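Written below as structure tokens is the structure these notes are about.
Note that the structure is a prediction, hence the values are computed from the model and not measured. Every chain is numbered from 1, with letters handed out A, B, ... down the list of sequences. As a basis for the values below, the full set of heavy atoms in this structure was taken, side chains included, without hydrogen atoms, waters or symmetry mates.
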There are 2 protein chains.
Amino acid sequence: MTTSKKGRTLDGDAGFLLSLAGGRLIRNLNRELESFGLRARHYTVLMATAEHGGLSQRELGELLGIDPSAVVALVDDLQREGYVRRDPHPDDRRTRLVVITDSGRDAFAKASELATKVDDEALGALDEGERAQLVQLLRRIVS
Amino acid sequence: MTTSKKGRTLDGDAGFLLSLAGGRLIRNLNRELESFGLRARHYTVLMATAEHGGLSQRELGELLGIDPSAVVALVDDLQREGYVRRDPHPDDRRTRLVVITDSGRDAFAKASELATKVDDEALGALDEGERAQLVQLLRRIVS
DNA sequence: TATTGTTATACTCTATAACTATA
DNA sequence: TATAGTTATAGAGTATAACAATA
């Protein structure tokens, strides 16, 4: 077969493989977080606020790849649970800084354990070095 | 700081990075495929049927990580465009084999070029060897 | 009884536009 | 004029349950 209409294959398509793997991890994490009443998206917001104190909602959205309008609903949920606060920005009254609470840190620590379990299951086929390699490659793609 | 409530970080979370990268690639591909009237999902169905002749809808769904009920709508769309046929299974009258048409192969070839462009843009930070390495690692995760 | 394809349905996710209050 | 947050809304994606035809 020497025609040029070869196209691509499932197991060589990086985009397909990335979204297939990512989708699985999100579904599994959602299932684990169900007992918390949270979803994977809430977990990433907690992770971002635990890591960076006092992000604006705009910054949160950019960091996590979430639309600003969606950030509102996520922060609403977390605030209702007492996991984050919305503090006023000292210099700009339009901006609200999202700050994680102590209770939010507790929730994040517990959710992290579940997330680690999910990752370990999904990435079980890789050893430590390969896993670090994967994370490095992904980091360079998304940055 | 020696407390145990460290949790995880955004740039070390494989699940987060995978879904972030996968989401970007899908969005970019959807944008490119818009002129075709197709979405990324349709493209993966074409890819699967181009690669494996005569898959049942059940098999298609498993291969692509799509719910059987969603496969119905995708195949409907592609059949309406003349890109696939639903052939009867020779031995099982419940089953319908999804077969790509010549016109479907043409569409797939063109869509593949767009998908390659999208991948090249998204994975531009990686050289050929690193990209192959990434695909290999992903393949082991999803298999 | 179990399975394939299908329909209906509901819920989540994503994206856009419009509004408000501020800058 | 432009930006941060918000609201409303529509479209896409995902998941479940139920049904008909067939195994």
Notebook entry, point to check: B:Arg27 side chain: which of D:dT14, C:dA15, D:dG5 is closest?
Noted result: C:dA15
Next item on the list: Using a cut-off of strictly less than 4.0 Å, decide whether A:Arg86 has a side-chain nitrogen or oxygen near OP1 or OP2 of D:dT6.
Entry: yes
Notebook entry, point to check: Does A:Val75 or A:Arg31 map to a spot on DNA chain D nearer the 5' end, using the closest nucleotide for each?
Noted result: A:Val75
Next item on the list: Take the protein atom CG of B:Leu38 and the nucleotide atom P of D:dG13, then report the distance between them rounded to whole Å.
Entry: 12 Å
Next item on the list: Just compare D:dT22, D:dA15, C:dT22 and give me whichever is closest to any side-chain atom of B:Asp67.
Entry: D:dA15
Next item on the list: Grab the CZ-P distance between B:Arg93 and C:dT6 for me, whole Å please.
Entry: 16 Å
Checklist line | Whole angstrom value for the distance that separates P of C:dT12 from CG of A:Asn30 | finding: 10 Å
Check: From the list C:dT14, D:dG5, D:dA15, which nucleotide is the closest neighbour of the side chain of A:Arg96?
Finding: D:dG5
Note to self: How many whole angstroms separate atom CG of B:Asp77 from atom C1' of D:dA12?
What the structure shows: 12 Å
Note to self: Both A:Asp91 and A:Gly65 contact DNA chain C. Taking the nearest nucleotide for each, which residue is further toward the 5' end?
What the structure shows: A:Gly65
Item checked: Residue whose nearest DNA chain D nucleotide is more 5′ - A:Ser69 or B:Pro68 -> A:Ser69
Next item on the list: Run the salt-bridge test on B:Arg8 and A:Asp119 with the 4.0 Å N-O cut-off and return the result as yes or no.
Entry: yes
Checklist line | Near-ring test B:Tyr43/B:Phe108, centroid separation under 6.0 angstrom | finding: yes
Next item on the list: Provide, to the nearest angstrom, the distance between the CD atom belonging to A:Glu59 and the P atom belonging to D:dT3.
Entry: 15 Å
Margin query: Of the options D:dT6, C:dT6, C:dT22, whose atoms approach the side-chain atoms of B:Gln57 most closely?
Written below: C:dT6
Check: Under 4.0 Å between a side-chain N/O of A:Arg94 and OP1 or OP2 of C:dA23, yes or no?
Finding: no
Checklist line | Atom-to-atom span, NE2 of B:His89 to C1' of D:dT22 - whole angstrom | finding: 13 Å
Notebook entry, point to check: OP1 or OP2 of D:dG11 less than 4.0 angstrom from a side-chain nitrogen or oxygen of B:Arg39, does that happen here?
Noted result: no
Check: Does the distance from a Lys or Arg side-chain N to an Asp or Glu carboxylate O, for B:Arg80 and B:Asp77, drop under 4.0 Å?
Finding: yes
Next item on the list: Please state how far atom NE2 in B:His42 lies from atom C1' in D:dA12, giving the value in whole angstrom units.
Entry: 11 Å
Check: Does any donor atom in the side chain of A:Gln79 or A:Arg86 lie under 3.5 Å from an acceptor atom in the other side chain?
Finding: yes
Check: Should the pair B:Asp120-B:Arg131 be classified as a salt bridge under the 4.0 Å nitrogen-to-oxygen rule?
Finding: yes
Notebook entry, point to check: Can you tell me how far C1' of C:dT6 sits from CD1 of B:Ile66, to the nearest Å?
Noted result: 16 Å
Notebook entry, point to check: With distance as the sole criterion, do the side chain of B:Arg41 and the base of D:dG13 form a donor-acceptor contact below 3.5 Å?
Noted result: no
